[in-house]
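Numbering of ligands and ligand atoms starts at 1, following listing order. All of these numbers come straight from a predicted model, not from anything done at the bench.
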Amino acid sequence: MAGALQGVGAVVTGGGHGIGAALARRLVAEGARVVVNDLDAEAAWRVAHEVGGTAVPGNCASEDGVRSLLAHATQALGRVDLYMANAGLDHVQGEPVDWLETSDAAWSTLQEVNVMAHVRAARALVPEWLETGGGRFVVTASAAGLLTMLGAAPYSVTKHAAVGFAEWLSATYGHRGIAVQAICPQGVQTRMLEEAGPLKELLSADSVLSPDDVAQAWVESLADDRFLVLPHPEVADYYRARAGDTDRWLAGMRRIQAGLDALEDR
Ligand SMILES: NC(=O)c1ccc[n+]([C@@H]2O[C@H](COP(=O)([O-])OP(=O)(O)OC[C@H]3O[C@@H](n4cnc5c(N)ncnc54)[C@H](O)[C@@H]3O)[C@@H](O)[C@H]2O)c1
């Protein structure tokens, strides 16, 4: 399906590493022109150079950061047709993993990057897209945003909000030419997974995919324009189970948590 995105002007946030870098490579392979954003400037430049795109390093979450990113992206691309809100955080470096010890400041940082980054970008793009023929807004959320992630309250809560916002955008603007998608993977072999500490094993319980697999699943989803992109097909089963009998599903989650507690007590 090469060339599915011929000529499309795309921005990828958090494109310097992991899933974002794979999305940037795949976008270019499909014919898109790409702006690579990342807080890690060197990584943004490296990936942009590799794919023949434009690096716009910086914070994709703050009000100023979003404004600057969109201004530079518009300059480079002419028009932003596709915005891949991919950057995300599962914890703040140096903060304790235990949610009881996680500071309000760390909760706010996750809220900024995992939710408000998307809100601010969409707030700038949607009015323009409504006037000029539409666009596509893709959020890399997580299976944690559909189910939950044991041991990671701020991540689970903010990823639920990310899915909720994407769903709301789709419901509100889908009939007016704005396509919205939420990519919800489980374990993906990236720096985030490597640095997940004790949660790495839990995230790897089912299959661990490569970032390229995630990019592939997203490109395949374009054929029937699905809102939910589930690179791990088992997530669809868990999501159905949760909706069908939430208490039964929660009982299963408690059993997994009890197993983790027992391992920790050893
Ligand atoms: N790896 C997994 O197992 C997994 C599973 C489900 C969802 N996800 C989601 O996929 C997305 C990409 O994560 P990844 O696994 O590739 O992790 P990663 O850590 O390899 O990449 C994330 C990138 O985002 C950048 N970033 C963070 N905050 C930023 C900001 N404010 N502005 C600009 N860039 C910023 C980082 O510098 C980094 O390059 C995240 O939203 C993550 O929550 C990852």
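In terms of N/O distances under 3.5 Å, ligand 1 is approached by Asn59. For ligand 1, one of its N or O atoms has an N or O atom of Leu39 under 3.5 Å away. Taking any N or O of Val188, backbone or side chain, at least one lies under 3.5 Å from an N or O belonging to ligand 1. The distance criterion of under 3.5 Å between nitrogen or oxygen atoms is met by Ile19 with respect to ligand 1. In terms of N/O distances under 3.5 Å, ligand 1 is approached by Cys60.
Against a heavy-atom cut-off of under 4.0 Å, Gly58 is close to the following atoms of ligand 1: 32 (N), 33 (C). Heavy-atom contacts of Arg191 reach the following atoms of ligand 1: 19 (O), 20 (O), 36 (C), 37 (O), 38 (C), 39 (O) (cutoff under 4.0 Å). Below 4.0 Å from some heavy atom of Gly187 lie the following atoms of ligand 1, by number and element: 3 (O). For ligand 1 and Gly18, the ligand atoms under 4.0 Å from any heavy atom of the residue are 16 (O), 20 (O).
The closest protein non-hydrogen atom to atom 26 (N) of ligand 1 is Ala87 CB, 3.8 Å. In terms of protein heavy-atom proximity, atom 13 (O) of ligand 1 is closest to Met192 CE, 3.9 Å. Looking at atom 24 (O) of ligand 1, its nearest protein heavy atom turns out to be Gly14 CA, 3.4 Å. Nearest to atom 22 (C) of ligand 1 among the protein's heavy atoms is Gly88 O, 4.3 Å. For atom 10 (O) of ligand 1, the closest non-hydrogen atom of the protein is Thr140 CG2, 3.2 Å. When only non-hydrogen protein atoms are considered, atom 6 (C) of ligand 1 lies nearest to Pro185 O, 3.2 Å. Nearest non-hydrogen protein atom to atom 43 (O) of ligand 1 is Tyr155 OH, 2.7 Å.
In this structure, Ala141 is part of the shell of residues with a heavy atom less than 4.0 angstrom from ligand 1. Residue-ligand proximity: Lys159 is placed with a non-hydrogen atom under 4.0 Å from ligand 1. Distances shorter than 4.0 angstrom do not occur between any heavy atom of Ala22 and any atom of ligand 1.
Only the side chain of Thr190 comes within 4.0 Å of ligand 1, judged by heavy-atom distances. Residue-level proximity to ligand 1 for Gln186 is carried by the backbone, the only part with a heavy atom below 4.0 angstrom.
By the 6.0 Å contact criterion, CH2 on Trp45 is open, its count of non-hydrogen atoms from other residues, nucleotides or ligands being 12 or less.
Of all the listed residues (Val113, Val214, Asn86, Val235), Val113 holds the heavy atom that lies closest to atom 28 (N) of ligand 1. Of the listed options Val66, Leu23, Asp38, Leu89, Asp38 places a heavy atom closest to atom 37 (O) of ligand 1.
For the 3.5 Å distance criterion, the side chains of Glu112 and Ser62 fail to qualify, holding no donor opposite an acceptor. The closest side-chain donor-acceptor pair between Arg226 and Gln181, if any, does not fall under 3.5 angstrom. Side-chain contact check for Thr74 and Arg79: no donor-acceptor pair (N or O, by modelled atom type) lies under 3.5 Å. Judged by distance alone, the side chains of Asp40 and His17 do bring a donor and an acceptor atom under 3.5 Å apart. Under the 3.5 Å distance criterion, with hydrogens and angles disregarded, a donor-acceptor pair is assigned to the side chains of Asp261 and Gln257.
Atom CH2 of Trp249 sits about 11.0 Å away from atom OH of Tyr239, to the nearest 0.5 Å.
Ion pairing between Glu50 and Arg46 fails under the 4.0 Å rule for side-chain N and carboxylate O. Using a 4.0 Å cut-off between charged side-chain N and carboxylate O, Glu63 and Arg123 make a salt bridge. Between Asp225 and Arg136 there is a salt bridge, since a side-chain N of the basic residue sits under 4.0 Å from a carboxylate O of the acidic one.
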task: Show your working on side-chain contact (heavy atoms from CB on, under 4.5 Å) between Arg67 and Arg120 and close with a plain yes or no.
output: CA-CA 9 Å; Arg67 198 176 305 118; Arg120 289 175 180 137; over 6 Å; no
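You'll find the side chain of Tyr83 reaches within 4.5 Å of the side chain of Leu69, heavy atoms only.
At distances below 3.5 Å, not a single donor-acceptor pair connects side-chain atoms of His232 with backbone N or O atoms of Val208.
Taking each heavy atom of Ala48 and Thr54 in turn, the nearest pair found is CB-C, 3.7 Å.
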